[in-house]
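Data first, discussion second: the structure below is written as structure tokens.
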Amino acid sequence: YAIIPVLDSAKEKSSFKKLFPKSEVLVVQAEEHDIAMAKVLSLTHFMNALFLKTIGENTDDISKLSGTTFGIQLALAMGVMHDEPKQLASLQVQNPHFKDVLNEMIKNAREWQSLVAEGKQDMLSAKYNEIKSAIEKKKTFRESYDKMYAMFRSLQKGEY
């Protein structure tokens with residue numbers, strides 16, 4: 001759990017731990033929380049909604065031709081849409097930091113769009129390499145491939 005201190009972070013964290021002794025607690029300032037939520041919630045919900053809007057309504061037709069990545073992405077995007085639309089919109093509109101995150105995403109998308117439109121495959125590949133190099137040292141990156149396939153197997157078995 002994340003708690004945002006109001007008066008005394010040590011006392012507030014202690015009170016929380018008394019109520020929920022087995023829970024992990026992270027004390028964060030309101031600004032830090034909102035910046036993180038702009039990426040953790042606002043961006044992911046926004047991207048998944050746009051994914052569904054972009055692929056259209058005939059998901060059954062294209063799912064027949066899909067593989068691992070699409071199946072996981074489709075399940076995630078559809079899962080996101082179970083949330084209340086007003087709440088989803090609120091995540092983007094009410095968090096003032098999301099505007100900066102959205103602008104950064106659009107800037108990146110336009111840059112990549114130009115590379116695709118101009119047929120600059122090597123430059124686009126370099127963008128992928130840049131991202132991969134930045135994250136491949138993380139333990140979560142090494143585990144992510146196995147997790148992705150575990151999720152996919154779960155989806156195939158109908159365990160989701």
Side-chain angles (χ1 to χ4, degrees), residues 1-4 20 22-29 31-85 87-93 95 97-160:
Y1 290 93
I3 60 170
I4 298 169
F20 305 100
K22 295 181 182 180
S23 297
E24 283 191 42
V25 180
L26 177 65
V27 178
V28 296
Q29 296 304 314
E31 184 85 357
E32 178 185 2
H33 173 270
D34 290 351
I35 290 169
M37 291 305 107
K39 296 174 183 174
V40 171
L41 289 175
S42 301
L43 179 62
T44 54
H45 287 82
F46 190 86
M47 288 182 351
N48 279 288
L50 285 179
F51 171 76
L52 290 171
K53 178 75 173 160
T54 302
I55 64 172
E57 296 177 19
N58 296 324
T59 57
D60 292 341
D61 293 342
I62 61 175
S63 289
K64 294 173 188 172
L65 299 170
S66 73
T68 309
T69 308
F70 182 85
I72 292 169
Q73 186 63 55
L74 183 60
L76 174 61
M78 287 184 163
V80 165
M81 295 310 297
H82 282 264
D83 290 343
E84 178 61 39
Q87 179 186 2
L88 293 170
S90 174
L91 290 172
Q92 284 93 45
V93 175
N95 186 331
H97 301 285
F98 181 61
K99 292 170 186 71
D100 292 335
V101 171
L102 182 57
N103 286 335
E104 180 68 18
M105 185 188 75
I106 290 170
K107 181 188 99 177
N108 290 328
R110 286 188 175 134
E111 180 182 354
W112 288 41
Q113 178 189 34
S114 292
L115 296 175
V116 171
E118 296 167 16
K120 295 183 177 178
Q121 184 173 334
D122 289 343
M123 290 179 75
L124 185 59
S125 179
K127 295 288 184 190
Y128 279 102
N129 279 327
E130 184 181 307
I131 294 167
K132 186 175 181 180
S133 294
I135 65 171
E136 67 186 348
K137 295 168 189 76
K138 297 177 183 287
K139 182 182 179 207
T140 52
F141 177 76
R142 292 189 302 275
E143 297 169 348
S144 64
Y145 191 78
D146 293 336
K147 284 183 179 180
M148 183 176 80
Y149 274 93
M151 284 186 270
F152 186 68
R153 285 189 296 276
S154 177
L155 288 170
Q156 285 181 316
K157 294 176 186 174
E159 296 174 3
Y160 64 98

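No experiment lies behind these values; they were computed from the predicted model shown. Values below: all heavy atoms of this structure, side chains included; hydrogens, waters and symmetry mates excluded.
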Measure the CZ-OG1 distance between Phe152 and Thr69 for me, rounded to the nearest 0.5 Å.
8.5 Å
Of all heavy-atom pairs linking Ala2 and Val28, the shortest is CB-CG2, 4.3 Å
Decide side chain to side chain contact (heavy atoms under 4.5 Å, CB included) for Val101 and Ser42; before the verdict, give the C-alpha distance in whole Å, the side-chain angles of both, and the deciding distance to 0.1 Å.
CA-CA 9 Å; Val101 171; Ser42 301; over 6 Å; no
Nearest heavy-atom pair of Glu136 and Phe141: which atoms, and what distance?
CA-CD2, 3.2 Å
Please round to the nearest 0.5 Å and tell me the distance separating atom CG of Leu102 and atom CG of Asn95.
11.5 Å
For Lys107, salt bridge (Lys or Arg N to Asp or Glu O under 4.0 Å) partners two or more places apart:
Glu104
With a 3.5 Å distance limit and no angle check, can you tell me whether Lys137 reaches the backbone of Ser133 through a side-chain donor-acceptor pair?
yes
What do you reckon, is OH of Tyr1 surrounded by more than 12 foreign heavy atoms closer than 6.0 Å?
no
Within this structure, what is the NE2-NE2 distance for the pair His97 and His33, rounded to the nearest 0.5 Å?
11.0 Å
If you take all heavy atoms of Gly71 and Leu155, which pair is closest and at what distance?
O-CD1, 3.6 Å
Just wondering, more than 12 heavy atoms not from Gln87 lying within 6.0 Å of its CD?
yes
Hey, what do you get for CG (Asp83) to OG (Ser90), rounding to the nearest 0.5 Å?
11.5 Å
Give the minimum heavy-atom separation between Thr44 and Val40, together with the two atoms involved.
OG1-O, 2.7 Å
Residue pair Leu26 / Ile3, side-chain heavy-atom distance below 4.5 Å:
no
From Leu41 CG over to Leu88 CG, what is the distance, rounded to the nearest 0.5 angstrom?
10.0 Å
Which pair of heavy atoms, one from Glu143 and one from Lys139, lies closest together, and at what distance?
OE2-CE, 2.8 Å
Here the side-chain hydrogen bond (donor to acceptor under 3.5 Å, both in side chains) pairs for residues 117-126, sequence neighbours left out, are Glu118-Lys120
Would you say that Phe70 contacts Ile55 through its side chain, given a criterion of any heavy-atom pair below 4.5 Å between the two side chains?
yes
Counting heavy atoms not belonging to Arg142, are there more than 12 under 6.0 Å from its CZ?
yes
Got a sec: does the CE of Met123 have more than 12 other heavy atoms crowding it under 6.0 Å?
no
One should read off an interatomic distance between Phe51 CZ and Met78 CE, to the nearest 0.5 angstrom, of 9.0 Å
